Structure formats: structure tokens, C-alpha cells
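Right, one structure below, let's go through it.
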Amino acid sequence: MPQGSTANGIRFNHKEEMFIADYTGHNILKAEASGKVSVYSHNAKMNQPNDIALMDNGIIFASDPNWSKGDGQMWRINTDGSNTLLEKNMGTTNGIEVSSDQKHLYVNESKQLNIWVYDLNNKGAISNKKLLHKFQDGGLDGMRCDVDGNLYVTRWSSGVVVKFSPQGELLKTIKLKGMKPTNIAFGGADGKTAYITVADRGNIETFRVDSPGRSWSMRNQGKK
């Protein structure tokens with residue numbers, strides 16, 4: 001990492017380029033396979049970029065909480081590295097994800113316990129904000145979709161990962177050993193292994209899922 005930068009959420013594109021939310025540098029960084037790390041997008045008005053999501057066409061979305069104030073905002077990072085503030089005066093924005101059909105964007109608010117869903121077009125414009133689900137306790141962190149459109153959400157301090165249908169129906173609750181899961185990703189030979197980072201135990205837990213992760217599928221198209 002460059003001096004003064006601190007890594008948070010990371011995502012890969014189909015070119016195996018890694019994008020990193022740099023919350024102390026107010027950046028989205030790009031790390032190439034060669035090891036080169038560069039500033040892909042910067043805006044001093046970013047609070048502390050936390051988590052990121054990618055569309056298949058390369059557009060990036062970043063959650064941007066201000067933990068001390070308990071609020072947040074959300075950015076779009078365009079394919080040329082320019083950035084657009086999509087919404088401000090939100091709650092503590094954290095987990096963020098694009099749906100498997102590329103038609104919706106999900107973002108959660110950790111302290112307010114909300115998961116929001118927006119309509120999304122192919123240019124990365126959002127509209128028609130709706131509440132997908134509101135929790136009554138615990139916390140929220142990272143989110144990922146599978147290829148069927150189901151949304152997996154890590155629940156900070158609750159020690160579980162929950163699975164929602166695209167319509168917001170709670171389908172499953174997966175109990176973990178640790179109590180503070182932070183982020184989730186899908187991988188393995190078939191994309192059906194979930195990997196969860198767990199802050200209180202300082203490790204990674206895994207469990208099997210029914211369908212491959214969306215990002216895994218996108219990155220592995222054409223490789224077989």
C-alpha cells in the first residue's frame with residue numbers, strides 16, 4: 001500500500017485487477033498483477049471509502065461512511081476514474097453490491113440497520129430507492145450476491161450471515177463461530193464456497209452455498 005493509505009474493501013475485475021477502498025487516502029486504488037499500485041480515483045470530499053462493488057462493465061460503486069458522525073454517502077467511480085457523488089446524508093453506509101442481473105444496487109447502513117435497493121441502469125445511474133429490509137438489532141457489514149440474485153449479508157456482532165431473496169425474503173441464517181463477520185466473498189473451484197473475514201477471531205470462516213457467487217461467475221466466464 002502507498003504511504004498514508006489504509007486498505008479496506010477489495011474487489012477484482014475480469015482482468016484480475018484489484019480495486020481497493022483506501023479510507024485514509026480518500027482513494028480507490030488499483031493494484032495490477034505486476035504489483036504496481038496506483039490511485040484510480042480520488043476525491044478529498046470522500047469521508048473514508050469502506051466497501052466497493054463492480055458492475056460487469058467496469059463501473060464501481062463505493063460506500064463512504066463517517067463513523068464518528070453516524071452518517072455517510074455513496075459514490076460512483078466511472079470507467080475513466082472520475083467520480084460522482086450519488087447520494088449524501090445517508091446513514092453509515094457500509095456493505096454495497098450489484099445484483100446478478102445488473103439492474104439493482106444494494107447498500108446497507110450499519111448503525112441504522114437498513115438495507116436499501118435502487119434501480120440501476122447500464123450507465124450506473126440509480127433511481128427508485130426502496131427499503132429491502134430493516135433489522136431490529138445487531139449490525140451490518142459486507143454483502144455479496146450469487147448468480148441467482150440472492151443477497152448474502154454479514155451481521156456484525158450477531159455472528160451470522162443471512163441470505164435474502166431478490167424480493168427481500170429472509171431465506172436462511174448461517175451461524176458462524178466468530179461474532180464479528182466483516183466481509184464475504186465466493187470462490188473455490190465451483191464458486192460455491194463462501195469465505196467470511198471475522199474480526200474478533202482474526203480468521204476466515206467458510207461454508208458451502210447452493211449457487212456460485214456473481215463476481216466469481218463474471219471473472220471466470222470464458223476461462224473453461
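Keep in mind the model is a prediction, meaning the values are calculated, not measured.
Judged by distance alone, with hydrogens and angles left aside, the side-chain atoms of Asp101 form no donor-acceptor pair with the main-chain N or O of Gly149 at under 3.5 Å. The backbone N or O of Ser82 sits less than 3.5 Å from a side-chain atom of Asp80, completing a donor-acceptor pair. Side chain of Glu205 to main chain of Lys177: a donor-acceptor pair is present (N/O by atom type, distance under 3.5 Å, no hydrogens or angles). At least one donor-acceptor pair closer than 3.5 Å links the side chain of Asp22 to the backbone N or O of Thr6. Judged purely by atom type and a 3.5 angstrom limit, Ser165 uses its side chain to pair as donor or acceptor with the backbone of Gln167. A donor-acceptor pair under 3.5 Å is absent between the side-chain atoms of Ser100 and the main chain of Arg214, judged by distance alone. Asp141 places no side-chain N or O within 3.5 Å of a backbone atom of Trp156 that could act as its donor or acceptor partner.
Salt-bridge annotation for Lys45 and Asp64: absent, with no side-chain N of the basic residue lying under 4.0 Å from a carboxylate O of the acidic one.
For the pair His104 and Leu151, the minimum side-chain heavy-atom distance is 4.5 Å or more. Residues Leu120 and Lys103 have side chains not in contact (no heavy-atom distance under 4.5 Å, counting atoms from C-beta outward). Between Asn50 and Thr93 the shortest side-chain heavy-atom distance does not fall below 4.5 Å. Inter-residue side-chain proximity for Asn47 and Lys69 is flagged as unmet; no heavy-atom pair is nearer than 4.5 Å. Taking the side chain as every heavy atom from C-beta outward, Val37 and Pro2 approach each other to under 4.5 Å. Taking the side chain as every heavy atom from C-beta outward, Ile20 and Met1 approach each other to under 4.5 Å. Counting heavy atoms from C-beta on, the side chains of Thr79 and Ile59 come closer than 4.5 Å. In this structure, the side chains of Phe12 and Leu54 stay at 4.5 Å or more apart for every pair of heavy atoms.
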Q) Checking side chain to side chain contact (heavy atoms under 4.5 Å, CB included) for the pair Tyr118/Met74: CA distance, chi angles, key distance, verdict? A) CA-CA 12 Å; Tyr118 302 79; Met74 181 170 55; 3.7 Å; yes
Q: With side chain to side chain contact (heavy atoms under 4.5 Å, CB included) as the test, would you mind laying out the steps for Gln73 and Asn89 before giving the verdict?
A: CA-CA 6 Å; Gln73 48 196 13; Asn89 300 320; over 6 Å; no
Q) Asp148 and Lys163: salt bridge (Lys or Arg N to Asp or Glu O under 4.0 Å), yes or no, with the steps? A) CA-CA 12 Å; Asp148 295 328; Lys163 177 183 178 181; over 6 Å; no
Q.
Walk me through whether Leu140 and Asn94 qualify under side chain to side chain contact (heavy atoms under 4.5 Å, CB included).
A. CA-CA 8 Å; Leu140 303 175; Asn94 194 333; over 6 Å; no
Q: Take Arg11 and Glu97 through the salt bridge (Lys or Arg N to Asp or Glu O under 4.0 Å) test and state the conclusion after the steps.
A: CA-CA 11 Å; Arg11 297 297 291 262; Glu97 176 63 314; 3.5 Å; yes
(Q) Does Val161 form a side chain to side chain contact (heavy atoms under 4.5 Å, CB included) with Ile184? I'd like the steps, not just the answer. (A) CA-CA 9 Å; Val161 175; Ile184 178 170; 4.1 Å; yes
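In this structure, the separation between CD1 on Ile28 and CD1 on Ile10 is 12.5 Å, given to the nearest 0.5 Å. From Ile204, atom CD1 reaches atom CG of Asn183 across 10.5 Å, with rounding to the nearest 0.5 Å. Rounding to the nearest 0.5 angstrom, the gap separating the CG atom in Asn8 from the CG atom in Leu29 is 11.5 Å. The structure places CG of Asn108 at 6.0 Å from CD1 of Ile115, a figure rounded to the nearest 0.5 Å. To the nearest 0.5 Å, atoms NZ (Lys130) and CG (Asp119) are separated by 6.5 Å. Arg76 contributes atom CZ, which lies 10.5 Å from atom CG of Leu85 (distance to the nearest 0.5 angstrom).
Judged purely by distance below 3.5 Å, without hydrogens or angles, the side chains of Thr193 and Thr206 never pair a donor atom with an acceptor atom. Between the side chains of Gln112 and Thr92, a donor-acceptor pair is found at a separation under 3.5 Å.
Met18 and Val39 fall within a single hydrophobic cluster, where Ile, Leu, Val, Met, Phe, Trp and Tyr are joined by side-chain heavy atoms under 4.5 Å apart, directly or via other members. Met143 and Leu131 are assigned to two separate hydrophobic clusters, defined by single-linkage of ILVMFWY side chains at heavy-atom distances under 4.5 Å. Cluster annotation: Val162 is not connected to Ile174 through the hydrophobic network of ILVMFWY side chains, with a link wherever side-chain heavy atoms come within less than 4.5 Å. In the hydrophobic clustering of this structure, Val153 does not group with Val209; members are Ile, Leu, Val, Met, Phe, Trp, Tyr whose side-chain heavy atoms approach within less than 4.5 Å, directly or through other members. A single hydrophobic cluster is seen to contain both Val98 and Trp116, as judged by linkage of ILVMFWY side chains at heavy-atom distances under 4.5 Å, directly or through other members.
For the side chain to side chain donor-acceptor pair (under 3.5 Å) test with Asn13, the passing option among Glu16, Lys15, Glu17 is Glu17; the others fail.
Taking every heavy atom of both residues into account, Gly142 and Asp51 meet most closely at CA-OD2, 3.9 Å. Residue Pro212 comes nearest to Trp216 through the heavy atom pair CB-CE3, 3.9 Å, listed as atom of the first residue, atom of the second, then distance. Here the shortest heavy-atom pairing between Gly178 and Val198 reads CA-CG1, 3.6 Å. Heavy-atom minimum distance, Glu87 versus Lys129: OE2-NZ, 2.8 Å. Taking every heavy atom of both residues into account, Tyr106 and Cys145 meet most closely at CE1-SG, 3.9 Å. The two residues Ser211 and Val147 have their closest heavy-atom pair at CB-CG2, 4.0 Å.
Residues in residues 176-205 take part in these ring-ring contact (aromatic ring centres under 6.0 Å, His included) pairs, two or more places apart or across chains: Tyr152-Phe186. Sorted by first and then second residue, the ring-ring contact (aromatic ring centres under 6.0 Å, His included) pairs involving residues 33-75 (not counting sequence neighbours) are Phe19-Tyr40.
Heavy atoms from other residues, nucleotides or ligands lying under 6.0 Å from OH of Tyr23 number 12 at most.
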